[in-house]
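Notes follow once the structure below has been shown.
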Amino acid sequence: MNPKGRLKQVIIGEGTEGYELTEKILYRLRGEPGIKVVRNGDPYPTGNNTTFPAQGKETLRLERFPGEMFKPCPGTIQYICCGYWILHGATNCPMDCSYCILQSYFEKSSLSVFINIENELDEICRQIENHPNRIFRVGTGEFADSLALDPLVGWTQLLTPRFSRLKNAVLEFKTKTDQIAGLLSSPYRDRIIVSWSMNSPFIVTREEGGTCSLRRRLEAAKRCQQEGYVIGFHFDPIIEHHRWRDGYKRTIEMMDKYIDPRGVIWISLGTMRYMPSLKSIIRARHPGSHVLDGEFIPGLDGKMRYLKTIRIDMYDWMKRELDQWSRDLGVYLCMESDEVWKRSLGWSVKNSEGLARYLDQRVKMFFP
């Protein structure tokens, strides 16, 4: 997937032209046919993801983010969360997964890149270094795919030198793409994790529009592993569908074909969950989608979730299949309770602090 291939306009927000990242992006766009650059203007019509989905994916905004670019993942007190830190450099994604929660998070579906991230890095690194006894697990993929726009924005070139020098942090790039050229051209490997979102072949083909195939994801993961990167995987969301066990088994078999499990720092498992407001958006934008077909009930955090018995069955089955590949994959559950941990995995981290310690130990193993 070439991010430039879909863009039709780039909007240079007011007050952003003096930033170095803006100039780098404009330089990379030189000579690209069919892309209109709009300065200090906003011709994009007012509307939401339901009204203007296609136009949104064709529009890139360069903006200044006024809030905190570096902060802990909010999680929820009702479930066990991992203590992740978010580096907020962009919102939205050029891909179009039917289940994407960002469809209900943001008013507009256009892509936004926050060009002042480069100016905030010194302070972010100081904040990390001021807490030497704490491990910061940092990710850029909370509100956008970490690599989808990398050929245009150059996040890998910007961030890997800074985080590789930090002794108490790791930076994780999460993606559904094979856009790894920036990573391969970077000389930095230490403290960097590259992770892929995985699913069954049926879900990838039917529900993950604009993403690359499982084969291409795994070929990219294999290349990164060969080039010295630590890698991870995220099965989130696991979605119940016809013969879902056969589908996810096929994915794990493909992972076995391409990947050395000794180089996998962690694999997260999470099932389909969504805020109630997302349901009407999925129905309107993806009328053929199957992601809402299961039995859902409101969870403690207000999100719709599969029945507990269904979730436990799915996690238990996934863990047993992954154990056949390797018993040292750092498998953990995303946003689940102590009870679900025990009944599906056979053990529990007990609480969010316990999960943070578990993942921090994985970091120490891979980055001594």
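Counting begins at 1 with the first residue of the sequence.
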With a 4.5 Å limit on heavy-atom distance, are the side chains of Phe296 and Lys279 in contact? no
Would you sort out whether Phe163 and Leu87 count as a side chain to side chain contact (heavy atoms under 4.5 Å, CB included), showing the intermediate values? CA-CA 12 Å; Phe163 276 85; Leu87 184 57; 4.1 Å; yes
Side-chain heavy atoms under 4.5 angstrom apart, residues restricted to Ile, Leu, Val, Met, Phe, Trp, Tyr: same cluster for Tyr79 and Leu345? no
Side chain Tyr19, main chain Glu63, donor-acceptor under 3.5 Å: no
Test Thr140 against Ser146 for side chain to side chain donor-acceptor pair (under 3.5 Å), laying out the working first. CA-CA 6 Å; Thr140 62; Ser146 294; 2.7 Å; yes
Check this for me, if you would: do Glu20 and Lys24 make a salt bridge, where the nitrogen-to-carboxylate-oxygen distance has to be below 4.0 angstrom? yes
Arg273/Glu336 ion pair, N-O < 4.0 Å: no
Ser185 (side chain) donor-acceptor with Gly182 (main chain) under 3.5 angstrom: yes
Can you confirm whether Pro237 sits close enough to Tyr274 that some side-chain heavy atom of one is under 4.5 Å from a side-chain heavy atom of the other? no
Please report the interatomic distance CE(Met254) to OG(Ser213), rounded to the nearest 0.5 Å. 7.0 Å
Can you tell me how far the CZ atom of Arg357 sits from the OG atom of Ser352, to the nearest 0.5 Å? 10.5 Å
Assess whether a salt bridge exists between Glu123 and Arg126, defined as any Lys/Arg side-chain N lying under 4.0 Å from an Asp/Glu carboxylate O. yes
Go through the steps to decide whether Thr156 and Gln179 satisfy the test side chain to side chain contact (heavy atoms under 4.5 Å, CB included), and finish with yes or no. CA-CA 10 Å; Thr156 51; Gln179 298 290 339; over 6 Å; no
Okay, side chain of Arg189, backbone of Glu227: is any donor-acceptor separation there less than 3.5 Å? yes
Donor-acceptor pair, distance only, cut-off 3.5 Å: does the side chain of Tyr306 make one with the backbone of Ile239? no
Side-chain donor/acceptor of Arg191 to backbone N/O of Ala169, under 3.5 Å: yes
With heavy-atom distances below 4.5 Å as the criterion, would you say the side chains of Val264 and Ser326 are in contact? no
Are Phe173 and Tyr229 connected in the hydrophobic side-chain network, where two residues link if heavy atoms are under 4.5 Å apart? yes
Can you tell whether the side chains of Asp178 and Arg223 come within less than 4.0 Å, N to carboxylate O? no
Return yes when atom CD1 of Ile297 has more than 12 non-hydrogen atoms of other residues, nucleotides or ligands closer than 6.0 Å, and no otherwise. yes
Quick one: does any side-chain atom of Arg28 pair with a main-chain N or O of Val153 as donor and acceptor, under 3.5 Å? yes
Against the six-membered ring of Tyr332, is Arg362 placed for a cation-pi contact (under 6.0 Å from the centre, within 45° of the normal)? no
Linked, directly or transitively: Met304 and Leu307 (ILVMFWY side chains, under 4.5 Å): yes
With side chains defined as the heavy atoms from C-beta onward, is the minimum distance between Ile128 and Phe70 less than 4.5 Å? yes
Under the side chain to side chain contact (heavy atoms under 4.5 Å, CB included) criterion, do Ile25 and Leu29 qualify, and how do the steps go? CA-CA 6 Å; Ile25 292 171; Leu29 283 171; 4.2 Å; yes
Nearest non-hydrogen partners of Ala144 and Asn92, listed with the distance: CB-O, 3.4 Å
The complete set of salt bridge (charged side-chain N to carboxylate O under 4.0 Å, His left out) pairs with one or both residues in residues 156-176, sequence neighbours excluded, reads Asp122-Arg162
Minimum heavy-atom separation for Phe235 to Ile252, with atom names? CZ-CG1, 4.3 Å
Going from OG1 on Thr160 to CG on Leu158, what distance comes out if it is rounded to the nearest 0.5 angstrom? 8.5 Å
Return the CH2 to CD1 distance between Trp317 and Ile238, rounded to the nearest 0.5 Å. 9.5 Å
Validation row: Met335, Lys303 side chains within 4.5 angstrom (heavy atoms): no
Phe367 with Tyr84, same ILVMFWY side-chain cluster at under 4.5 Å: no
Would you call Met198 and Leu214 a side-chain contact if the rule is heavy atoms closer than 4.5 Å? yes
Would you call Lys257-Glu253 a salt bridge at under 4.0 Å N-O? no
Just verifying a value: how many Å separate Tyr258 OH and Arg217 CZ, rounded to the nearest 0.5 Å? 13.0 Å
Can you tell me how far the CD1 atom of Ile80 sits from the OG atom of Ser348, to the nearest 0.5 Å? 4.5 Å
Please check: side-chain N/O of Arg137 versus main-chain N/O of Cys82, any donor-acceptor pairing under 3.5 Å? yes
Please report the shortest heavy-atom distance between Leu60 and Leu149, naming the atom on each side. CD1-CD1, 4.3 Å
For Val331 versus Trp347, what's the shortest heavy-atom pair and its separation? O-CZ2, 4.5 Å
Only one of Arg245, Lys308, Arg343 passes salt bridge (charged side-chain N to carboxylate O under 4.0 Å, His left out) with Asp313; say which it is. Arg245
Ignoring hydrogens and angles, state whether a donor on the side chain of Ser344 or Asp316 is under 3.5 Å from an acceptor on the partner side chain. no
Which ILVMFWY residues are connected to Tyr27, directly or by a chain of links, through side-chain heavy atoms under 4.5 Å apart? none
Does the side chain of Ile259 come within less than 4.5 Å of Trp325's, by heavy atoms? yes
With Ser98 as reference, evaluate Gln103, His286, Glu207 under the side chain to side chain donor-acceptor pair (under 3.5 Å) test and give the passing residue. Glu207
Inspect the contact between Lys342 and Asp338 and indicate whether a charged nitrogen and a carboxylate oxygen are less than 4.0 angstrom apart. yes
Minimum side-chain heavy-atom gap Leu111-Leu7 below 4.5 Å: yes
Tightest non-hydrogen contact, residues Gly247 and Pro201, listed as O-CD, 3.2 Å
Keeping Thr22 on the side-chain end and Thr16 on the backbone end, is there a donor-acceptor pair under 3.5 Å? yes
His241 and His290: side chain to side chain contact (heavy atoms under 4.5 Å, CB included), yes or no, with the steps? CA-CA 7 Å; His241 58 279; His290 292 274; 5.5 Å; no
Using a strict threshold of under 4.0 Å (side-chain N to carboxylate O), is an ion pair present between Lys364 and Asp360? no
In terms of heavy-atom contacts, Leu278 and Tyr99 come closest through CD2-O, 3.7 Å
Say whether Leu21 and Phe114 are linked into one hydrophobic cluster, either directly or through other cluster members, by side-chain heavy-atom distances under 4.5 angstrom. yes
Main-chain N/O of Asn133 paired to Asn168 side chain as donor or acceptor, under 3.5 Å: no
Under 3.5 Å, side chain of Ser164 to main-chain N/O of Asp190, donor-acceptor pair present? yes
